[in-house]
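Scroll down for the structure; my scribbles are underneath it.
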Amino acid sequence: MLKKKYYYLIHLQYLGFRYHGWQKQPEVKTVQYMLERTLCFILGHDNFRTLGASRTDSMVSAHHHLSEVFSYEKLDVNQLYRELNLNLPADIKALKVEEVDKDFKIIASEKKKEYHYYFSYGEKVHPFCAPFLINYFEPLNIELMQLGAQAFEGTHNFKSFCYRPNENKTFERSIDTCRILKNDVLTASFFPENSYYLKIIGNGFLHHQVRMMMGCLLKLGMGHISLDEVKSALKKGEGQELTFIAPASGLHLIQNELSDE
């Protein structure tokens, strides 16, 4: 007789600076590994499985990440929430635990993601900033970068903004919001006086897409490429020489929005 399976959704928040991303990998510390190790300690066994809504890269942080837990025992969600926060490391926090049904599909149910990429330029910043934002010595034309960011909005061919693109992949993606804004969201006493962030909201992203978009905007702000070149790359799906992969630690997954369907 088949055992009954129970399904739970854990809402997580984590600082990614000391982790090799979300997904478990051999011989490195990841967020999924730490979550599963903590669940093993709480439950007293490893007869469960976890699945993440998205795979953040090494050193990328998440203000709202989702993980589904498949268990063969009924769990008290309030107790599990308390036990997770008692036993998870200080840089991982459970925001909420809820029971879902067998028809809930964590990946298929995901509707939109919001990312922020935090950065500054000028004099070298306090070392404590390293987990949160990237600092560039070269002056940046923020106004031009803002125009470049807006050019990404809409539906485009993002092949030029995908790391090692597979020719069989669909590169058309839709971006709802892409703006560079003055940072008044993530602040600390040791942050520079002026910092900025790229805000992106969209339905789905290619491998390293957000970091390559940020790399392109940095090249634009430094005067290494033109706004017309950026727009042309979005039309033709050509021009990877226009960009580079911006460092990971400035990237934050802000929100996973789930479909109501």
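Heavy-atom minimum distance, Phe119 versus Leu198: CE2-N, 4.2 Å. Here the closest heavy-atom approach between residue Asp103 and residue Asp101 is recorded as N-OD1, 2.9 Å. Between Val69 and Leu39, the shortest heavy-atom distance links the atoms CG2-CD1, 4.1 Å. Residues Cys178 and Met213 approach most closely at SG-CE, 4.0 Å, considering heavy atoms. In this structure, Glu229 and Leu242 approach most closely via the heavy-atom pair O-CD1, 3.3 Å.
Within the model, atoms CE of Met145 and CG of Leu220 stand 7.0 Å from one another, a figure rounded to the nearest 0.5 Å. With rounding to the nearest 0.5 angstrom, the CG atom of Asn78 is 12.0 Å from the CG atom of Leu75. With rounding to the nearest 0.5 Å, the separation of CG in Leu181 from OH in Tyr196 is 11.0 Å. If you take OG on Ser67 and CD1 on Ile10, they are separated by 5.5 Å, rounding to the nearest 0.5 Å. Considering OH of Tyr197 and CG of Leu251, their distance stands at 14.0 Å, rounded to 0.5 Å. The OG1 atom of Thr30 sits 6.5 Å away from atom CD of Gln25, with the distance rounded to the nearest 0.5 Å.
Arg211 places a side-chain N or O within donor-acceptor distance of the main-chain N or O of Ala246, the cut-off being under 3.5 Å. At distances below 3.5 Å, not a single donor-acceptor pair connects side-chain atoms of Thr170 with backbone N or O atoms of Glu172. Listed for the Thr243 side chain is a donor-acceptor partner under 3.5 Å among the backbone atoms of Met212. At least one donor-acceptor pair under 3.5 Å links the side chain of Gln13 to the backbone N or O of His63. The closest donor-acceptor contact from the side chain of Ser232 to the backbone of Asp228 lies at 3.5 Å or more, if one exists at all. Between the side chain of His126 and the backbone N or O of Ser189 there is no donor-acceptor pair closer than 3.5 Å. No donor-acceptor distance shorter than 3.5 angstrom exists from the side chain of Asp176 to the backbone of Gly202, with no hydrogens or angles considered. Not a single donor-acceptor pair under 3.5 Å links the side chain of Asn85 to the backbone N or O of Leu88.
Arg37 places none of its side-chain heavy atoms less than 4.5 Å from the side chain of Phe41. When side chains are defined from C-beta on, Tyr121 does not count as touching Asn194, because their heavy atoms never get closer than 4.5 Å. Taking 4.5 Å as the limit, some side-chain heavy atom of Lys113 sits within range of a side-chain heavy atom of Phe205. Residues Lys102 and Lys5 have side chains not in contact (no heavy-atom distance under 4.5 Å, counting atoms from C-beta outward).
Between Ser120 and Asn135, the side chains place a donor N or O and an acceptor N or O closer than 3.5 Å (distance only, hydrogens not considered).
Separation of the Tyr6 and Tyr72 ring centroids does not fall under the 6.0 Å cut-off. Between Tyr115 and His252, the gap from one ring centroid to the other reaches at least 6.0 Å. Note: Phe17 and Phe132 fail the aromatic proximity criterion, with ring centroids not under 6.0 Å apart. Aromatic pair His65/Tyr14: centroids less than 6.0 angstrom apart. Ring centroid separation for the pair Phe190 and Phe128 comes in under the 6.0 Å cut-off.
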Worksheet item: Going through the distances and angles, do Thr177 and Ile200 end up as a side chain to side chain contact (heavy atoms under 4.5 Å, CB included)?
Response: CA-CA 5 Å; Thr177 300; Ile200 299 181; over 6 Å; no

Item to complete: Quick one: do Gln209 and His207 satisfy side chain to side chain donor-acceptor pair (under 3.5 Å)? Show the steps, please.
Response: CA-CA 5 Å; Gln209 180 182 334; His207 190 203; over 6 Å; no

Item to complete: Kindly indicate, with the supporting measurements, whether the criterion side chain to side chain contact (heavy atoms under 4.5 Å, CB included) is fulfilled by Lys124 and Phe137.
Response: CA-CA 7 Å; Lys124 188 168 184 176; Phe137 295 114; 3.6 Å; yes

Practice prompt. Start with the C-alpha distance between Gln255 and His64, add both sets of side-chain angles, then the distance that settles side chain to side chain donor-acceptor pair (under 3.5 Å), and finish with yes or no.
Written response: CA-CA 5 Å; Gln255 183 69 31; His64 186 205; 3.0 Å; yes

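For Thr50, the side-chain hydrogen bond (donor to acceptor under 3.5 Å, both in side chains) criterion is met by Gln32, Glu36, not counting sequence neighbours.
Leu9 and Trp22 sit in two unconnected hydrophobic clusters of ILVMFWY residues. Membership requires side-chain heavy atoms under 4.5 Å apart, directly or through other members. No continuous path of ILVMFWY side-chain contacts below 4.5 Å connects Tyr136 to Tyr118, so the two sit in separate hydrophobic clusters. Grouping the Ile, Leu, Val, Met, Phe, Trp and Tyr side chains by contacts below 4.5 angstrom, directly or via other members, places Val60 apart from Leu133. When hydrophobic clusters are built by joining Ile, Leu, Val, Met, Phe, Trp and Tyr residues whose side-chain heavy atoms come closer than 4.5 Å, directly or via intermediates, Leu15 is not grouped with Leu66. Residues Leu217 and Phe161 are members of one and the same hydrophobic cluster, defined by side-chain heavy-atom contacts under 4.5 angstrom among Ile, Leu, Val, Met, Phe, Trp and Tyr.
Pairs of residues two or more places apart, or lying in two chains, that qualify as salt bridge (Lys or Arg N to Asp or Glu O under 4.0 Å) and include a residue from residues 139-154 are Glu153-Arg179.
Annotation: cation-pi geometry not satisfied between Arg173 and Phe158 (NZ/CZ under 6.0 angstrom from ring centroid, within 45° of ring axis).
With respect to Glu68 and Arg49, no salt bridge is recorded, no charged nitrogen being found less than 4.0 Å from a carboxylate O.
Put simply, the residue from Thr56, Asp91, Asp57 that forms a side-chain hydrogen bond (donor to acceptor under 3.5 Å, both in side chains) with Tyr19 is Asp91.
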